[in-house]
Asker: 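Sharing a structure, written as structure tokens. Questions coming.
Worth knowing before you read on, the calculation uses all heavy atoms, side chains too, and leaves out hydrogens, waters and symmetry mates.
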2 protein chains.
Amino acid sequence: MKAEIITIGDEILIGHILNRNAQWIANCLTENGFEVERIVTLPDDKNVLVAYFQEVQKRVDFVFVTGGLGPTNDDVTRIAISEFFHTKWTLSRDVYNRLEKFLREREYSMSHLNEEQAKVPDGAKVYMNDIGTAPGLLLGKGNTQFIFLPGVHFEMTQLLESSIIPELKKRYIKYSLINQVVITQGIPEAYLAEKLKGWEQNLPGTIKIAYLPSPGIVKLRISGKEDDSGGIKSTIDQKIEELKSIIPEYFVTSEQTTFEQMVGDLLTKNKQTLSTAESCTGGGIAARITSVSGSSAYFKGSVIAYSNKIKENHLGVPSEILEKYGAVSKQVTENMAQNILKLYNTDYSIAVSGVAGPAGGTEEKPVGTTWITAASKYHIISQRYRFGNKRDVNTEKTIVTALNMLRKLIIEKK
Amino acid sequence: MKAEIITIGDEILIGHILNRNAQWIANCLTENGFEVERIVTLPDDKNVLVAYFQEVQKRVDFVFVTGGLGPTNDDVTRIAISEFFHTKWTLSRDVYNRLEKFLREREYSMSHLNEEQAKVPDGAKVYMNDIGTAPGLLLGKGNTQFIFLPGVHFEMTQLLESSIIPELKKRYIKYSLINQVVITQGIPEAYLAEKLKGWEQNLPGTIKIAYLPSPGIVKLRISGKEDDSGGIKSTIDQKIEELKSIIPEYFVTSEQTTFEQMVGDLLTKNKQTLSTAESCTGGGIAARITSVSGSSAYFKGSVIAYSNKIKENHLGVPSEILEKYGAVSKQVTENMAQNILKLYNTDYSIAVSGVAGPAGGTEEKPVGTTWITAASKYHIISQRYRFGNKRDVNTEKTIVTALNMLRKLIIEKK
């Protein structure tokens, strides 16, 4: 089943917001067996929308549209719907009551604009929105189903996940697309591709691969369309096994997960605890770890020692060591890691110190120089990295690399 | 000048990556006077690309294309370029030398795939890439200029910012589009729209507005096309002045900035310092503060007290208070804020404690309940919030609200 995603909004076209909705819908559709052929962002312009609806109707089976159902006056999706489907909007009692309850729980009362949101187009299938104000709508024209969703991210995802996708899948989807993603860490894209050249050449034609680089990580997507025999899944599994033996030091996992989730799972399983002592990442590692639900079971806390005084007074790094080796040194991160371990009484710790940039670099320690230590009561591993010149990329690489270093320490040195 | 942005890559269509490139390019083009009419993501399919290039050439003056110039085999943009422009690729000595130097500095040597990247299409204008491996390319056809950029974000932005945009702007752009964004904090979109109804109705037809909500913030974009008289700019400025008096408690700024930047600027100007004591945000506030270059001048550090033991032992929150009021309480965040202020010897501090969710809520303190305190040596302000049910949204709202609370404290209680 072919699908296209339309996100509406001048705010995307002028670059004021990131199109998270498109990514989320694309991922959700792909996982559920739809083929996303195109993602497009169009302006808040009724004529452009109606013309595009006419064009896309000839091309695909499903069109997922987000944006422009909000309560403010700059939304034109409603008018475009009226015109394209020749329909009018009527108040829905169900939507009205749901909306009123939703607002009451949040200590707000119904506004005039909210009342407008309780209207739905005649002939549309309506999907109730439990966590926001605009419902989802499905309207068919010819052989194409148009699904209209609110632009607010969490409302949109909730609607698709909990009601719309399960229903469409049951009715329309016969085969599934298999996408397996392998996470590698610590090797740039071009070098990984060199190492995997032979492996890539031996892939059967039914399997496609793609390299997906992000700071510190290269993901390798392996995909194929599953037939009745179930053969593609097992071919992909076999190819992943081969990868493990070609790049054992860089291969992380073929599960759909994140470094913070993997570390969390290991610590939960082992009933062990973690603390961090961070300089250059400024709390970024702790923030990443605590983004996982349930992290309070294994994560105790951190000292963010952005100044040397705090490294000295609160993390107990001797001033002689700070002076002799500098804050960005193996000696300092090892001291930080060992001291936070004792101070917060945890089984593991991570410590980082680096020159995040853009200023602060020297000949000997240019911007991007970073020391990372992962420690337990019995082991300590430290490594120097030379990342790049961009502050945010350096922070991200440090977070990912540190979490992977800890992951390896937990697995290898139990 | 009309522009369209094409991002190429199956990895976007299947939702495996977020299209940051499109946002960045859209913002950059808009600020420089281009009108972005559409953003589209197309698959790694040569035939689709060539057909789309033909279509878009009839529609706009500039086409910005990213992706598919990387070193791996899944990139088809190069083949599409050859076919659409009837051109072949030849090794460029300049690109080769630049690339070799770039790799040497990073302690890598030239790979076979990198050598392929030193080839450029005959007839293309080549823009050297100082921070990556693929150069930028400009090729014209008919009245349309096609600009091809690498997909790696920081290489793409660097190329556009430092060479391509300044050159195109000089040659083609005659007028400019004015976009002014007002940041509001602490009021949901629908309630803000109610308050601004009269103001909105009185706007002249030449000015457009849009509401851009994100967790904790609603931005209001006010835009208009500047004519020779310069009248639009002053009308927009006047309308912004009106806003300040309509919503003084929610109006934050009309500067293009962030809360972490505003707080940083204030502290820098006043030569004052900051520390944080975080529970539910897990270091997120500190990470946000330190994302600003130069934050080491005013940010000293944090204690991330994810467990009550650490709140007690390292932040000095008395156990009686923790027991009597619970960790999510005014008494606890005020204790945390006052203690970190003394401990790290700073002028200001922020403390937060909340039920981030999805678990941990009670009847009395449901998920989303959050206490935030901002303190100085002389003043302390605390506020309870009831955010929503989503962990990541709650974290983001807490970060933004806390930074704004501190910003107000610094401004109002000097």
Side-chain angles (χ1 to χ4, degrees), chain A residues 10-20 22-24 26-27 30 36 38-42 70-74 111 113-114 154 179 189-191 193-194 200 209-212 221 282-284 286-287 290-291 293 296 299-307 310 344 358-359 390-393, chain B residues 10-20 22-24 26-27 30 36 38-42 70-74 111 113-114 154 179 189-191 193-194 200 209-212 221 282-284 286-287 290-291 293 296 299-307 310 344 358-359 390-393:
Chain A
D10 290 345
E11 66 274 23
I12 303 173
L13 290 177
I14 65 164
H16 275 179
I17 65 162
L18 198 51
N19 201 347
R20 288 184 198 281
Q23 184 203 13
W24 195 94
N27 186 50
T30 305
V36 180
R38 190 183 283 192
I39 299 171
V40 69
T41 302
L42 299 174
T72 51
N73 295 333
D74 54 316
S111 84
L113 285 173
N114 293 134
F154 295 97
N179 273 298
E189 181 184 7
Y191 300 88
E194 283 277 313
E200 240 185 273
I209 71 150
Y211 290 83
L212 317 173
R221 191 189 69 234
T290 59
S291 71
S293 305
S296 57
F299 184 69
K300 293 283 193 84
S302 303
V303 169
I304 314 304
Y306 221 59
S307 82
I310 289 175
Y344 282 12
K390 287 269 187 178
R391 187 177 182 87
D392 49 359
V393 179
Chain B
D10 290 343
E11 66 274 22
I12 302 173
L13 290 177
I14 66 166
H16 275 179
I17 64 163
L18 197 52
N19 201 348
R20 288 184 198 281
Q23 184 204 12
W24 195 93
N27 187 50
T30 305
V36 180
R38 189 185 284 192
I39 298 171
V40 68
T41 302
L42 298 174
T72 51
N73 295 333
D74 54 314
S111 85
L113 285 173
N114 292 133
F154 296 97
N179 274 298
E189 181 184 6
Y191 300 88
E194 284 276 314
E200 240 184 274
I209 71 148
Y211 291 82
L212 316 173
R221 191 188 68 235
T290 58
S291 71
S293 304
S296 58
F299 183 69
K300 292 282 192 84
S302 304
V303 169
I304 314 304
Y306 221 58
S307 82
I310 288 175
Y344 283 11
K390 288 268 186 179
R391 186 177 182 88
D392 48 359
V393 179

Asker: Heavy atoms only: give me the nearest Ile39(A)-Ala22(A) pair and the separation to one decimal.
Answerer: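 Looks like CG2-CB, 3.7 Å.
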Asker: Of the backbone (N, CA, C, O) and the side chain (C-beta and beyond), which part of Ile14(A) lies under 4.5 Å from a heavy atom of chain B, both, or neither?
Answerer: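 When you check distances to chain B, atoms from both the backbone and side chain of Ile14(A) fall under 4.5 Å.
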Asker: Sort Arg391(A) into side chain, backbone, both or neither according to what part of it lies under 4.5 angstrom from a heavy atom of chain B.
Answerer: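 Contact with chain B: side chain only.
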Asker: Between Tyr344(B) and Lys300(B), which heavy-atom pair has the shortest distance, and what is it?
Answerer: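 Shortest heavy-atom separation between Tyr344(B) and Lys300(B) comes out as O-NZ, 3.9 Å.
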Asker: What part of Leu212(A) gets within 4.5 angstrom of chain B, counting heavy atoms only: side chain, backbone, both, or neither?
Answerer: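 The side chain, not the backbone.
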Asker: Among Leu42(A), Val40(A), Leu18(A), single out the residue with the greatest number of heavy-atom pairs under 4.5 Å to chain B.
Answerer: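 Looking at each of Leu42(A), Val40(A), Leu18(A) in turn, Leu18(A) comes out on top.
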Asker: Flag the one option from Ser302(B), Ala286(B), Ser293(B) with the top tally of heavy-atom pairs under 4.5 Å to chain A.
Answerer: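 It is Ser302(B).
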Asker: Looking only at heavy atoms and a cut-off of under 4.5 Å, which of Asp10(B), Val36(B), Leu13(B) has the most pairs with chain A?
Answerer: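 Max contact count across the listed options: Leu13(B).
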Asker: Counting only non-hydrogen atoms closer than 4.5 Å, does Ala359(A) touch chain B with its backbone (N, CA, C, O), its side chain (CB onward), both, or neither?
Answerer: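 It is neither, since no heavy atom gets under 4.5 Å.
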Asker: Sort Arg221(B) into side chain, backbone, both or neither according to what part of it lies under 4.5 angstrom from a heavy atom of chain A.
Answerer: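 Contact with chain A involves the side chain of Arg221(B) alone.
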Asker: Which region of Thr41(A), side chain (C-beta onward) or backbone (N, CA, C, O), has a non-hydrogen atom less than 4.5 Å from a non-hydrogen atom of chain B, or is it both or neither?
Answerer: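 For Thr41(A), backbone and side chain are both near chain B.
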Asker: Quick check on the interface: out of Asn27(A), Thr30(A), Ile304(A), who has the most heavy-atom pairs with chain B under 4.5 Å?
Answerer: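 Ranked by heavy-atom pairs under 4.5 Å with chain B, first place is Ile304(A).
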Asker: Please state whether the side chain, the backbone, both or neither of Ser291(A) comes within less than 4.5 Å of a heavy atom of chain B.
Answerer: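 Backbone only.
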Asker: Of all of Val303(A), Ile310(A), Asp392(A), which one pairs up most often with chain B through heavy atoms under 4.5 Å apart?
Answerer: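 Maximum pair count with chain B is reached by Ile310(A).
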Asker: Counting only non-hydrogen atoms closer than 4.5 Å, does Lys390(A) touch chain B with its backbone (N, CA, C, O), its side chain (CB onward), both, or neither?
Answerer: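 Lys390(A) touches chain B through side-chain heavy atoms alone.
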Asker: Taking side chain as everything from C-beta outward and backbone as N, CA, C, O, which of these in Asn19(A) sits under 4.5 Å from a heavy atom of chain B? Side chain, backbone, both or neither.
Answerer: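 Just its backbone gets close to chain B.
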Asker: Under a 4.5 Å cutoff for heavy-atom pairs, which residue among Gly284(B), Ser296(B), Ala305(B) has the most contacts with chain A?
Answerer: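 Of the options given, most contacts go to Ser296(B).
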Asker: So, taking the atom named CD in Gln23(A) and the one named CD1 in Ile12(B), what distance separates them when rounded to the nearest 0.5 Å?
Answerer: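 Going from the CD atom of Gln23(A) to the CD1 atom of Ile12(B) covers 9.5 Å.
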Asker: Under a 4.5 Å heavy-atom cutoff, which of Gly282(B), Gly283(B), Gly301(B) has the most pairs with chain A?
Answerer: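 The answer is Gly282(B).
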Asker: Going from CD on Glu194(A) to CD on Glu189(A), what distance comes out if it is rounded to the nearest 0.5 angstrom?
Answerer: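 Rounded to the nearest 0.5 Å, the CD-CD separation comes to 12.0 Å.
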